[in-house]
Every structure is written in C-alpha cells, then in structure tokens.
Amino acid sequence: MNEKQIREALDACRPGSDDLSLPDLAPLARTVAESTQWRAAFENVRKSDTAIAQALHEVAIPAGLEARLLAAVKAAHEAQPGGTLPHDLAPPLQHHAGQPQSSTAVSPAKTRHVSRRTWLTVVATVAATVLVAAWGFDHWRRPPAMNAENLGFEALAWSQNLSADWLDMSEAKQMNRPVDRQIRFKPHGWQLVATSHDATTVAYDLTGARGTAMLFVLSPAAIPEALSSSAIRIPSTGGWGVAAWKNGDFVYVLLVEERRQKLDRYLASPATEIALARPVIARSPTS
Amino acid sequence: MFPLGGSLPRVDGNGMEIRRIIHEFYQPVYRYAFRLTGSAADAEDLVQETFLMAHAHGDQLRDEAKARAWLFGILRGCVGKYFRRRRPTPAGNLELDLDRLPEAPSAEPLDQEQLQTALNELPEDFKVVLLMFYFEELSYQEIAATLELPIGTVMSRLARAKTHLRRKINPDESS
C-alpha cells in the first residue's frame with residue numbers, strides 16, 4: 001500500500017466498528033501495527049469521526065413535525081383511497097439495515113419525477129398562456145386601472161417572462177430591492193423582469209423541494225392605499241396562488257404553485273382573502 | 001399519544017403501522033435530510049415526501065428491523081430529485097492535499113454552524129457518500145454497492161470529504 005491508499009483506508013474505517021479486521025483492510029492493519037506514526041493517525045481519525053458523527057446527529061427537530069407528517073399522510077390516504085403510486089417508485093427491501101441497498105432506491109423516483117414534472121409544466125404553460133391571453137385581451141379592451149383579479153393574471157404573465165438562468169444572490173443587494181421579512185424562505189437566485197408598473201422589477205426564486213414559487217418586488221410610481229403590510233390573497237387560477245402586500249417603498253407579489261404546497265407556508269403571517277375588483281395597484285402614469 | 005384520530009392502514013403484514021413508523025423514525029430522517037440540504041424548510045418537505053412514499057409502498061416493508069435503512073433509502077431518492085430540481089450541477093471534484101496526516105481533534109465541542117457550512121461546501125456526490133458513512137453507518141463496500149460505484153471511487157470521495165470537514169472544523173489541521 002502506498003501512502004495515499006493508507007490514508008484512504010484509514011478514512012474508510014467506521015468509528016466504533018472492527019473494520020480493521022476486514023480481509024480487505026489487512027494491509028492497513030499491518031501498517032497500523034508496525035508504525036507508531038500510522039497508529040497515531042488511525043487513532044486521530046477515529047476520535048475525529050466519533051466527534052463528527054455525534055455532532056451531525058445534533059439537529060433540532062421542528063416543533064409539531066410529527067403531527068404535520070401524520071396529517072399529511074392521512075390527507076394523502078383520504079384523497080386516494082386504494083390509490084397507490086407506481087410500484088417501482090419505492091426502493092427495494094431485500095437488504096438488511098447496514099447492508100447495501102440497490103441504487104434503484106434513487107433511480108425509480110427520477111422516472112416518476114420527470115413524467116409528473118413534464119405533465120405539470122405542460123398544464124401550467126397552457127393555463128398560463130390562456131390566462132395571459134385573457135389578460136392581454138382585457139388589457140387591450142379596458143386600459144386604465146388594475147384590480148385584484150388582474151394582478152393575479154399579471155403575476156402569471158411576469159413568471160412567463162422569466163429566464164431559466166437565475167443570478168447569484170450575492171449580487172442581489174445592488175438592486176436595493178430586499179426580500180420582505182414576511183417571506184419565510186431564503187431565495188436561491190434573482191433576476192430583473194420588466195412589468196407594466198416597474199421596468200426594474202426584481203424576481204426572486206423561492207423554488208425548493210416544496211415546489212415552484214417566486215417573489216416579485218416592485219417599486220410602482222404610486223402605491224395604492226388598498227395594499228397594506230399584511231398580505232392579501234389575490235384571486236388566481238391554474239393551480240397558482242398569489243398574494244400581495246406593501247412594505248416601505250415596495251410592493252411584493254408572491255406567486256406559488258399550489259398543487260403540493262400552500263401559499264401561506266411562505267408567509268410569516270397568513271394572507272387574508274379580499275373581494276374581487278378592488279383596486280390594488282394604480283397604473284404608473286409613465287407606463 | 002398521536003394527535004390524529006381515525007385509522008391509518010398498516011404498512012406491512014406484520015403489523016407495523018405508518019403512524020408508528022413516523023413516530024419512531026421521523027427524527028433521524030429529519031436530521032439526515034437537514035444535513036443533506038442544510039435547510040430546515042427543505043428538510044421538512046423531504047421528510048414529508050419520504051413518509052408519503054413509505055405510506056404508498058408500505059407493502060414492501062416486511063421486516064421492521066429494516067425500516068430505518070428503508071426510509072433512509074427513500075430519503076436519498078427524494079434528495080436526488082431535490083438536488084436535480086434545485087440546480088443542475090456537474091459532478092463535483094474536491095482537490096485537496098492529502099499528504100498531511102490527520103491530527104488529533106480539538107477537545108472543544110464542534111461548532112454546528114461551521115460543520116454545516118463545511119457540509120454545504122461539499123459537492124453533492126461527496127456529501128452523499130460522507131453522510132451514508134456517518135448517518136447510515138455503512139461500510140465503504142456497502143456504500144459502493146448501494147451507489148453502484150467502484151470501491152476506489154468511494155474510498156477516495158470519503159477520504160477527501162472527511163479531510164475537507166476536518167480542516168474546516170479544526171483550523172490547526174488546515175494550517
């Protein structure tokens with residue numbers, strides 16, 4: 001064994017196990033027995049592994065998580081009585097704990113994910129296109145004031161104009177359009193998008209494992225009195241939830257795909273419903 | 001004991017109920033998910049996805065002793081999707097000088113923030129191998145068989161990932 005192989009073999013020994021007695025690691029066992037330097041290194045790795053393993057398990061569990069999991073499983077069970085996902089989505093169980101599992105534990109999920117995602121994308125695109133067309137027609141026919149319903153449609157239109165390439169968050173500060181404290185999650189990226197209210201609207205990507213979501217930060221010429229610092233839920237369709245509020249000089253519009261997640265999950269305080277046709281954003285005189 | 005009323009189906013024919021599986025394993029599954037993602041919100045989503053999938057495929061669990069490993073396997077599948085959804089990244093590399101021998105760790109408790117930051121810096125394929133070693137307590141051969149990787153690749157990733165971690169949390173080792 002050369003030094004590199006010895007180093008790698010040292011790190012392959014699990015803390016608290018007797019891996020050194022494994023036939024494959026017999027050369028390492030001999031090296032450790034014969035060299036004080038390597039014996040010391042072996043002990044240091046073990047101590048370090050023990051400390052790291054212990055620290056890795058020290059993670060605070062969110063309050064109420066167990067209840068939320070039970071509720072989710074129960075809801076899924078009630079929504080699909082007798083319905084199950086394709087059989088090949090779960091990993092095989094032919095192995096014991098601590099023994100190798102087939103990597104198909106990962107790959108089948110990919111198949112389901114791609115097909116569902118493709119389907120959702122198609123549906124969302126069609127829905128958004130119809131909504132954008134409807135909004136465009138309405139916009140052309142009836143120009144001046146925005147109302148709550150239109151804002152929901154508009155947010156969908158803005159999302160259609162976004163590029164797939166989000167910019168790094170380290171550069172977002174320069175835009176001076178901060179994410180509001182109402183938002184519970186950290187964005188992964190940002191980009192500029194021109195809207196009829198503000199040519200330099202900043203969009204933040206809030207998409208995560210929970211699903212697709214984005215936040216638009218606008219600085220309209222006139223912020224209407226109808227918006228307050230409390231988020232209101234804007235009527236929307238196509239499986240998307242929209243909320244808006246203002247804080248300081250900015251108007252915030254949150255767009256969340258609600259098939260697998262709730263809009264309120266993104267907000268520090270739940271959004272309240274409002275009636276339709278209520279003025280929300282006055283159109284900028286320059287737009 | 002459980003906040004929900006009503007009955008939920010048993011996960012397997014030997015009487016293990018999904019609510020008991022959740023009760024027994026939600027904490028280790030959450031901890032694993034948190035270390036993999038570095039995000040409490042994403043970890044919670046992944047844990048929920050894991051148990052929903054476990055519920056849907058409970059008929060495959062025939063031995064209660066395998067439940068933990070089974071759930072971890074499902075979680076890894078969900079995390080794979082999560083990584084791909086977040087941002088497609090090329091296979092990572094970790095260039096480290098492995099010439100220096102590991103030094104004795106500090107007697108001080110490890111800084112949790114430093115530890116998670118060091119984990120977050122790892123390329124995904126290194127992080128998964130490392131956490132399978134620490135969390136699932138799998139041997140390098142078992143990790144290689146599970147991920148269908150050559151043993152040498154697993155040993156190399158493990159050594160590099162562990163060296164990265166040690167140097168980040170133990171400044172004496174990186175100097």
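Just so we're clear, the structure is a prediction, and the values are computed from it rather than from any experiment. Residue numbers begin at 1 in each chain, while the letters A, B, ... track the order of the sequences.
Atom CZ of B:Arg157 and atom CD of A:Glu8 lie 12.0 Å apart (nearest 0.5 Å). Note: A:Glu66 CD to B:Tyr30 OH = 14.5 Å, rounded to the nearest 0.5 Å. Interatomic distance, B:Met155 CE to A:Gln5 CD, rounded to the nearest 0.5 Å: 8.5 Å.
When each of B:Gln48, B:Glu44, B:Gln27 is scored by its heavy-atom pairs under 4.5 Å with chain A, the top score falls to B:Glu44. Of the listed residues (B:Asp111, B:Leu149, B:Leu158, B:Leu110), the greatest number of heavy-atom pairs within a distance under 4.5 Å of chain A belongs to B:Leu110. Top candidate by heavy-atom pairs under 4.5 Å with chain B, chosen from A:Gln54, A:Arg68, A:Glu43, is A:Arg68. When each of A:Ser17, A:Ala53, A:Ala55 is checked for heavy-atom pairs under 4.5 Å with chain B, A:Ala55 comes out on top.
B:Leu119 touches chain A through its side chain: at least one heavy atom from C-beta onward sits under 4.5 Å away, while N, CA, C and O do not. Residue B:Val154: no heavy atom, backbone or side chain, is found under 4.5 Å from chain A. For chain B, the nearby parts of A:Ile52 are the backbone and the side chain; heavy atoms of each come within less than 4.5 Å. With a 4.5 angstrom heavy-atom cutoff, B:Leu131 touches chain A only via side-chain atoms. At a 4.5 Å heavy-atom cutoff, B:Ala40 makes no contact with chain A through either its backbone or its side chain. For A:Ala60, the part sitting under 4.5 Å from any heavy atom of chain B is the backbone (N, CA, C, O) and nothing else. In this structure, chain A has a heavy atom under 4.5 Å from the side chain of B:Gln112, while its backbone stays farther away. Neither the backbone nor the side chain of B:Leu75 comes within contact range of chain A; no heavy atoms are under 4.5 Å apart. Of the atoms belonging to A:Arg265, it is side-chain heavy atoms, and not backbone ones, that fall under 4.5 Å from chain B. Contacts of B:Phe34 with chain A are made by side-chain atoms alone, with heavy-atom separations under 4.5 Å and no backbone atom involved. In this structure, the portions of B:Arg31 lying under 4.5 Å from any heavy atom of chain A include both its backbone and its side chain.
Contact check for B:Ser39 versus A:Phe185: no side-chain heavy atoms found under the 4.5 Å cut-off.
Panel note: side chain B:Arg35, backbone A:Leu56; a donor-acceptor pair is recorded below 3.5 Å.
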Practice task
May I have the step-by-step check of side chain to side chain contact (heavy atoms under 4.5 Å, CB included) for A:Asn44 and B:Arg166, ending in yes or no?
Solution key: CA-CA 11 Å; A:Asn44 289 342; B:Arg166 282 195 295 261; over 6 Å; no

Practice task
Take A:Arg14 and B:Tyr140, measure what side chain to side chain contact (heavy atoms under 4.5 Å, CB included) needs, and give me the verdict at the end.
Solution key: CA-CA 9 Å; A:Arg14 290 169 294 178; B:Tyr140 66 97; over 6 Å; no

Exercise for the section: Determine, stepwise, if the pair A:Val45 / B:Lys162 fulfils side chain to side chain contact (heavy atoms under 4.5 Å, CB included). Expected result: CA-CA 9 Å; A:Val45 168; B:Lys162 286 171 74 175; 4.2 Å; yes

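When each of B:Ile21, B:Ile22, B:Val29 is tested with A:Leu69 by the rule side-chain contact (heavy atoms from CB on, under 4.5 Å), just one qualifies, namely B:Ile22.
For the residue pair B:Tyr134/A:Asp49, the side-chain donor-acceptor check at 3.5 Å is satisfied.
The two atoms that bring B:Tyr26 and A:Ile61 nearest to each other are CE1-CG2, 3.6 Å, heavy atoms only.
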